[in-house]
Amino acid sequence: MVRSIQTIFQEFIEKKTLIFKDRNALTSDFTPDNIPHRDKEINTMASILAPSLKGGKPSNIFIYGMTGTGKTLVTKYVCSELERMSNQGTNQVKIIYINCKMKKTADTEYRLLAELSRILGQEVPITGLPTEQVYKIFFNVLDSTNWVVIIILDEIDSLVVKMGDDFLYNFTRINGELKKAKVSIIGITNDLHFIDILDPRVKSSLSEEELLFPPYNAIELQDILKQRVLLGLNPNIISEEVIPKCAALAAQEHGDARRALDLLRVAGEISERQNELKITEKHVDFALEKIDYDRIMESVKSLPKQTKSLLWSVIGLEEKGEKDIQTGDIYNTYEETCKQCALHPLTQRRVSDLISELDMMGIINARVISLGRYGRTREINMNTSPKIKDKMKEILKSGLMI
DNA sequence: AGTCCACAGGAAGGGCAGGCGA
DNA sequence: TCGCCTGCCCTTCCTGTGGACT
C-alpha cells in the first residue's frame, strides 16, 4: 500500500533521529567557530582588513586555491567577525558577498551592479535601463554613506569570462568616483592561472595582496571531518574506518573538503533511511555512487531539447559499438535525431559549443585530438555506468518524445 | 618542408523576448 | 504604444591547429 505524503512527513517528524544531531554542520555552507588548519590564512586576511575598523580602505585581496580548500569559508568567517567588531565601534564596515557564478545575479555587468545596488538598499529594474545609469545608481547609493564596503566576488574568473576584464578595471578604480564611501574588493577563484590572463593594470590593482589556499591533505581532512562529526552526529554512531575513507576519497580529488563533507553527510542519510544504527564503509560507497548519480540526472533533466537530442545521438552511437566517436559522426547522427523529433538542427558551430557544455558538466568526455591529414576533431565518449546510462535514456526519451 | 584535412573556437552581429520610461 | 535597452540563443565568417601524408 502506498503511504500518503502526509504520513511520510509525520513519520519523519515523530521519528527519533539516531544519526544526525545537526545536519547543517555537515554541509559546506556551515561556518564553524574555528576552522582547522587555516590559522595562517585567517591571520593574514584579518590583518589586511583590519584598517577598515578605523575607517581606512584595506588593500584589495586576490584569493586562489582549488575547490574545497576553505577560501570562501575563511573569507566569510573573517568578514563576519569584522562586521561584528565594526558594529561595536563608530566606523561602519559593510560586507557584500556575491557569487559570480549565480545566474540571474551576476552573469552580466548590468545584473551585478543591480544586485549590488539592491543589497545596498536601492532597487533597480531587472532590465531596461542603460548600464551607464545603473553605474550612476550604484555610485550614488554607495556614496550616500561613509561606510567602508568590502565586496567579495566569489568565482571572479567566471565574471571575466562573461564580461571581460574591462569591467574589473572599472571596478578596481571605483574609489576615484566616490567622495565619502570606500570600497575594497576580495576576488576569489579556483582557477590558479586566472591572474595571468588579466590585463596587467587590473592584475596589479586587484591583487594588492595575494593569498594562496593550499589543498588539504588526508590527515587535515580527517581533522575537519572529526570536528564536524562532533557537531553534527550523535555520539558513537560512526564506524572508525568511515572518516579515513571519506578523507582519502576527497584527498584524491585535490584535497576537497566539500567533497569529504558531502560523502559523510550522504552516507549518514543513507544509513538513516535504512534504519541502521551506525554509518559504515558500505554507506560511504553508496554515497559515492549516489552523489555522482544525482548530479548527472539533475543536469540531464534540465538540458534544453537541442542538447538532449545531441546527447541521445552520442548514446546511440556508443550503443552501436562505435569507438572513438568524433564530432562529425555525432553531427550526422544528431541531424537524423532532429528529423525524428521534428527539431530544426543547429549549425555545427553551435553543436561544437553544446559538446563543450556537456563535457564541462561531466556528462561526456571530449578530448581534442589531431588525426594528421584527416583533420583535427574531438574524440567523445561517455564515462557513465550502464545504470546511469539507462536512466539517462529514459529521461531523454520522454523529453524528446521519441 | 609543404600541404591538407576536419574541425576548434573567437568575433561579430542578427533576431527575438522581456522590461523600462516617456 | 513606441523606442530603447539588455540578455540570450543562434548563425556566419574567419583564423588557427596538430600531425599524417606527399
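Naming convention: chains lettered A, B, ... in sequence-line order (proteins, then strands); numbering from 1 in each chain.
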Whole angstrom is fine here: how far is it from CG in A/Asp353 over to P in B/dA11?
13 Å

Under-4.0 Å side-chain N/O to phosphate OP1/OP2 contact, A/Tyr374 with C/dC21
yes

Students should find that the end-to-end axis angle of the helix from B/dA1-C/dT22 to B/dA22-C/dT1, with five pairs defining each axis and rounding to 10 degrees, is 20°

Rounded interatomic separation in angstrom, taking CD from A/Glu357 and P from B/dA8
14 Å

For atom NZ of A/Lys305 and atom C1' of C/dC8, their distance in whole Å:
20 Å

Quick note, A/Arg373 side chain, CB onward, closest among B/dC7, B/dA8, C/dT22 is C/dT22

Verdict with supporting geometry, A/Lys305 and A/Leu400, side-chain contact (heavy atoms from CB on, under 4.5 Å):
CA-CA 7 Å; A/Lys305 215 168 174 183; A/Leu400 293 167; 3.9 Å; yes

Do any side-chain nitrogens or oxygens of A/Ser352 fall under 4.0 Å of OP1 or OP2 in B/dG9?
no

How long is the line joining CD1 of A/Ile330 and P of B/dC7, in whole Å?
10 Å

Pairing of A/Lys387 and A/Glu289 as salt bridge, 4.0 angstrom limit:
yes

From CG of A/Leu112 over to C1' of C/dG7, roughly how many Å is that when rounded to an integer?
15 Å

How many Å lie between NE2 on A/His344 and C1' on B/dG15, as a whole number?
13 Å

Note: for A/Gln326 and A/Arg349 on DNA chain B, the residue whose nearest nucleotide lies more 5' is A/Gln326

Main-chain N/O of A/Leu120 paired to A/Lys94 side chain as donor or acceptor, under 3.5 Å:
no

Carboxylate-amine/guanidinium proximity below 4.0 Å for A/Lys245 and A/Glu240
no

When you measure from the side-chain N and O atoms of A/Thr377 to the phosphate of B/dA6, is any distance below 4.0 Å, counting only OP1 and OP2?
no

The residue, A/Gly375 or A/Ile380, whose nearest nucleotide of DNA chain B is more 5′ is A/Gly375

Looking at A/Arg376, I'd like to know whether one of its side-chain N or O atoms comes within less than 4.0 Å of OP1 or OP2 on B/dA6.
no

Can you measure A/Gln348 atom CD to C/dC9 atom P for me and round it to whole angstrom units?
21 Å

Should A/Arg378 be listed as having a side-chain N or O under 4.0 Å from OP1 or OP2 of B/dG9?
yes

Check A/Arg259 with A/Asp262, please: is the shortest side-chain N to carboxylate O separation under 4.0 Å?
no

Could A/Lys389 and A/Glu394 be called an ion pair, given the rule that one side-chain N must be under 4.0 Å from one carboxylate O?
no

Report yes if at least one side-chain N or O of A/Thr327 is closer than 4.0 Å to OP1 or OP2 of B/dA8; otherwise report no.
yes

Run A/Lys182 and A/Asn146 through side-chain hydrogen bond (donor to acceptor under 3.5 Å, both in side chains) and show every step you take.
CA-CA 7 Å; A/Lys182 297 184 184 76; A/Asn146 55 358; over 6 Å; no

